[in-house]
Amino acid sequence: MINTSTTIITFLMVFIIQNSQNRDTAALHIKLDELLSKVEGAREELMDLEELDEGKLESIREDFEKRAEQARSGKDPDEGQRPRSA
């Protein structure tokens with residue numbers, strides 16, 4: 001009886017914690033999407049990345065890794081990537 005009760009309580013606690021984390025993650029995504037939509041020059045296509053498949057995510061991750069490497073080496077990471085606005 002005690003073993004069954006402990007299992008049920010553990011299951012409920014895991015469910016509550018997971019639900020809370022999912023809500024926090026969803027709120028964080030909304031906040032980041034809002035920032036992307038308001039910052040001039042931000043790439044709005046990065047909004048809703050969580051909906052993309054693994055291949056597209058990996059491609060975007062590689063792009064940012066290249067940009068970070070260029071920034072560390074002193075090169076302009078936007079050079080040749082996007083047209084500059086006047």
Side-chain angles (χ1 to χ4, degrees):
M1 182 74 169
I2 293 175
N3 201 12
T4 302
S5 299
T6 305
T7 303
I8 291 171
I9 291 171
T10 302
F11 175 76
L12 290 174
M13 291 303 294
V14 167
F15 177 77
I16 290 169
I17 291 169
Q18 185 177 17
N19 186 32
S20 175
Q21 287 176 337
N22 288 344
R23 289 176 47 86
D24 286 347
T25 300
L28 183 61
H29 284 283
I30 292 168
K31 290 175 185 180
L32 290 172
D33 288 346
E34 174 69 9
L35 290 173
L36 280 173
S37 71
K38 299 299 180 188
V39 174
E40 185 177 330
R43 294 172 26 182
E44 290 185 355
E45 65 268 15
L46 297 178
M47 295 169 63
D48 263 356
L49 283 180
E50 64 274 9
E51 302 299 326
L52 296 179
D53 62 32
E54 283 298 316
K56 290 181 181 178
L57 281 175
E58 185 60 32
S59 173
I60 292 170
R61 185 179 300 120
E62 288 172 359
D63 178 49
F64 277 102
E65 287 174 357
K66 288 177 190 172
R67 292 167 58 91
E69 185 178 320
Q70 290 172 344
R72 282 190 295 271
S73 69
K75 297 178 184 174
D76 182 5
D78 286 327
E79 193 173 300
Q81 295 289 322
R82 292 185 282 166
R84 299 240 182 221
S85 56

Could you tell me the separation between the [atom1] atom of [X] and the [atom2] atom of [Y], rounded to the nearest 0.5 Å?
X	Y	atom1	atom2	value
Ile9	Thr4	CD1	OG1	11.0 Å
His29	Glu51	NE2	CD	9.0 Å
Thr10	Met13	OG1	CE	9.0 Å
Asp33	Glu50	CG	CD	6.5 Å
Ile17	Leu12	CD1	CG	11.0 Å

(request) Measure from the side-chain N and O atoms of Ser5 to the backbone N and O of Met1, and report whether any donor-acceptor pair falls under 3.5 Å. (result)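 Looks like yes, one N/O pair under 3.5 Å.
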(request) Output yes when a side-chain donor or acceptor of Thr7 lies under 3.5 Å from a complementary backbone atom of Asn3, and no otherwise. (result)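 At least one qualifying donor-acceptor pair exists.
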(request) Take Lys31 and Leu35, measure what side chain to side chain contact (heavy atoms under 4.5 Å, CB included) needs, and give me the verdict at the end. (result) CA-CA 6 Å; Lys31 290 175 185 180; Leu35 290 173; 5.7 Å; no
(request) List, by chain and then residue number, the residues other than Leu36 in its hydrophobic cluster (Ile/Leu/Val/Met/Phe/Trp/Tyr, side-chain heavy atoms under 4.5 Å); write none if there are no others. (result)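 Leu36 clusters with Leu46, Met47, Leu49, Leu52, Leu57, Ile60, Phe64.
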(request) May I ask you to decide whether Glu58 forms a salt bridge with Arg61, counting only side-chain N to carboxylate O separations under 4.0 Å? (result) yes
(message) Just checking Glu54: does its CD atom have more than 12 heavy atoms from other residues, nucleotides or ligands closer to it than 6.0 angstrom?
(response) no
